[in-house]
Amino acid sequence: MLYPEIKSIKKYKFMVNIFLIVTVFVSATLMLINYLLSQKISWSFIAILGIIYLWSTIIFALRKGINLGSTILIHTIQILILLFFIDFIFGFKKWSFTIGFPIVTMVSNLAMSIITMIKYKKYVKYAIYEMLILLISVLINLVIIAVFKEKIVLNIIALGITTLNFIIVLMLSAKTLKIELQKKFHI
């Protein structure tokens with residue numbers, strides 16, 4: 001075949017609309033079942049938040065030209081928000097701050113470190129996103145450490161991993177990062 005087969009856009013939009021209708025129906029059904037069975041725990045909201053996260057992931061993944069750094073940044077922010085709301089729905093025991101947030105920031109920083117090492121030559125494409133993840137990780141963990149003062153072992157470990165990630169970034173590509181920051185912020 002000389003040219004790629006062009007898919008029907010109408011068929012694609014129709015399928016998306018069908019899945020969207022099914023999603024709304026499933027969400028409404030979950031809320032109804034939750035209301036009829038128990039009014040105390042709103043587990044249906046957690047399922048609905050998961051469905052929203054799934055849709056945002058699918059929409060973001062289908063966009064063309066998305067780079068890996070922005071994907072990790074968006075998912076990190078989305079998961080942090082999702083964890084906070086899950087914690088809030090279940091009575092705000094603050095586990096999202098002392099367990100969830102540090103684990104998410106550690107994983108996103110480790111992912112960016114691995115990507116930096118593997119794709120050293122193409123680092124310029126996602127340097128800003130890595131710096132944003134570093135900044136978010138440091139701010140979140142420092143605020144949590146300052147506020148909670150107990151049960152912060154994971155936050156301290158996450159802060160250490162973030163610092164190590166920053167050192168790796170500087171060692172591997174300080175010159176590239178400086179050029180990229182100058183281009184983005186006109187310094």
Side-chain angles (χ1 to χ4, degrees), residues 7-112 115 126 129-130 132-159 161-162:
K7 307 250 186 217
S8 171
I9 293 177
K10 287 182 182 179
K11 183 178 178 183
Y12 170 75
K13 286 184 179 182
F14 177 74
M15 292 302 294
V16 168
N17 288 335
I18 293 293
F19 285 126
L20 192 57
I21 291 168
V22 168
T23 302
V24 170
F25 178 74
V26 166
S27 299
T29 305
L30 288 173
M31 287 178 65
L32 181 65
I33 291 170
N34 188 178
Y35 178 74
L36 293 174
L37 294 179
S38 70
Q39 285 82 25
K40 289 182 180 180
I41 299 174
S42 300
W43 55 265
S44 63
F45 289 114
I46 296 170
I48 292 168
L49 287 172
I51 291 170
I52 292 170
Y53 177 72
L54 175 70
W55 270 103
S56 66
T57 302
I58 290 169
I59 290 168
F60 195 74
L62 290 176
R63 292 177 58 196
K64 294 187 183 209
I66 302 298
N67 81 28
L68 202 49
S70 67
T71 303
I72 292 173
L73 175 66
I74 294 297
H75 286 294
T76 300
I77 292 169
Q78 287 177 336
I79 291 172
L80 291 173
I81 293 168
L82 184 67
L83 285 175
F84 174 77
F85 279 113
I86 290 172
D87 191 8
F88 186 75
I89 289 169
F90 279 120
F92 200 56
K93 306 276 190 226
K94 299 179 182 116
W95 59 265
S96 61
F97 294 128
T98 57
I99 297 172
F101 284 17
I103 290 173
V104 170
T105 57
M106 281 189 280
V107 169
S108 63
N109 277 294
L110 288 172
M112 289 305 290
I115 291 167
Y126 50 86
Y129 299 109
E130 180 159 10
L132 288 171
I133 289 172
L134 286 166
L135 181 66
I136 289 169
S137 298
V138 167
L139 289 176
I140 285 175
N141 286 302
L142 281 178
V143 168
I144 291 171
I145 289 169
V147 170
F148 288 104
K149 305 211 187 313
E150 58 184 43
K151 297 182 184 176
I152 55 171
V153 174
L154 277 177
N155 297 93
I156 294 170
I157 293 170
L159 200 56
I161 288 174
T162 303

So, do [X] and [Y] sit near enough that their side-chain heavy atoms are less than 4.5 Å apart?
{"X": "I156", "Y": "I145", "result": "yes"}
{"X": "N34", "Y": "L30", "result": "no"}
{"X": "W95", "Y": "I86", "result": "yes"}

*Do you know the tightest heavy-atom contact between E150 and T98?*
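Reported closest heavy-atom pair: O-CG2, 4.5 Å.
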So, using side-chain contact (heavy atoms from CB on, under 4.5 Å) as the criterion, who are the partners of [X] when residues are at least two apart?
{"X": "I77", "value": "L73, I81, I136"}
{"X": "L110", "value": "I161"}
{"X": "L139", "value": "L135"}

*Could you pull out all residues at least two apart from F148 that satisfy ring-ring contact (aromatic ring centres under 6.0 Å, His included)?*
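Partners of F148 under the ring-ring contact (aromatic ring centres under 6.0 Å, His included) test: F97.
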*Quick one: which residue pairs count as a side chain to side chain donor-acceptor pair (under 3.5 Å) with a foot in residues 74-83, not counting sequence neighbours?*
Y53-H75, S56-Q78
*asked:* I'd like to know whether CZ of F45 has more than 12 heavy-atom contacts from other residues, nucleotides or ligands below 6.0 angstrom.
replied: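 Count not over threshold, so no.
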_S96: which residues meet the side-chain hydrogen bond (donor to acceptor under 3.5 Å, both in side chains) condition with it, sequence neighbours left out?_
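Partners of S96 by the side-chain hydrogen bond (donor to acceptor under 3.5 Å, both in side chains) criterion, ordered by chain and then number, come out as D87.
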_side-chain hydrogen bond (donor to acceptor under 3.5 Å, both in side chains) involving T23 - partner list, sequence neighbours excluded_ =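 Here the qualifying residues are W55.
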*Can you tell which of I140, I144, L154, L142 makes a side chain to side chain contact (heavy atoms under 4.5 Å, CB included) with L159?*
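The passing option is L142.
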Would you be so kind as to tabulate the donor-acceptor pairs closer than 3.5 Å made by side chains of residues 100-108, with sequence neighbours excluded?
{"from": "T105", "atom 1": "OG1", "to": "F101", "atom 2": "O", "distance (Å)": "3.1"}
{"from": "T105", "atom 1": "OG1", "to": "P102", "atom 2": "O", "distance (Å)": "3.0"}
{"from": "T105", "atom 1": "OG1", "to": "N141", "atom 2": "ND2", "distance (Å)": "3.2"}
{"from": "S108", "atom 1": "OG", "to": "V104", "atom 2": "O", "distance (Å)": "3.2"}
{"from": "S108", "atom 1": "OG", "to": "T105", "atom 2": "O", "distance (Å)": "3.1"}

Return the [atom1] to [atom2] distance between [X] and [Y], rounded to the nearest 0.5 Å.
{"X": "I52", "Y": "F85", "atom1": "CD1", "atom2": "CZ", "answer": "10.0 Å"}
{"X": "L132", "Y": "M112", "atom1": "CG", "atom2": "CE", "answer": "9.5 Å"}
{"X": "S44", "Y": "I48", "atom1": "OG", "atom2": "CD1", "answer": "5.0 Å"}

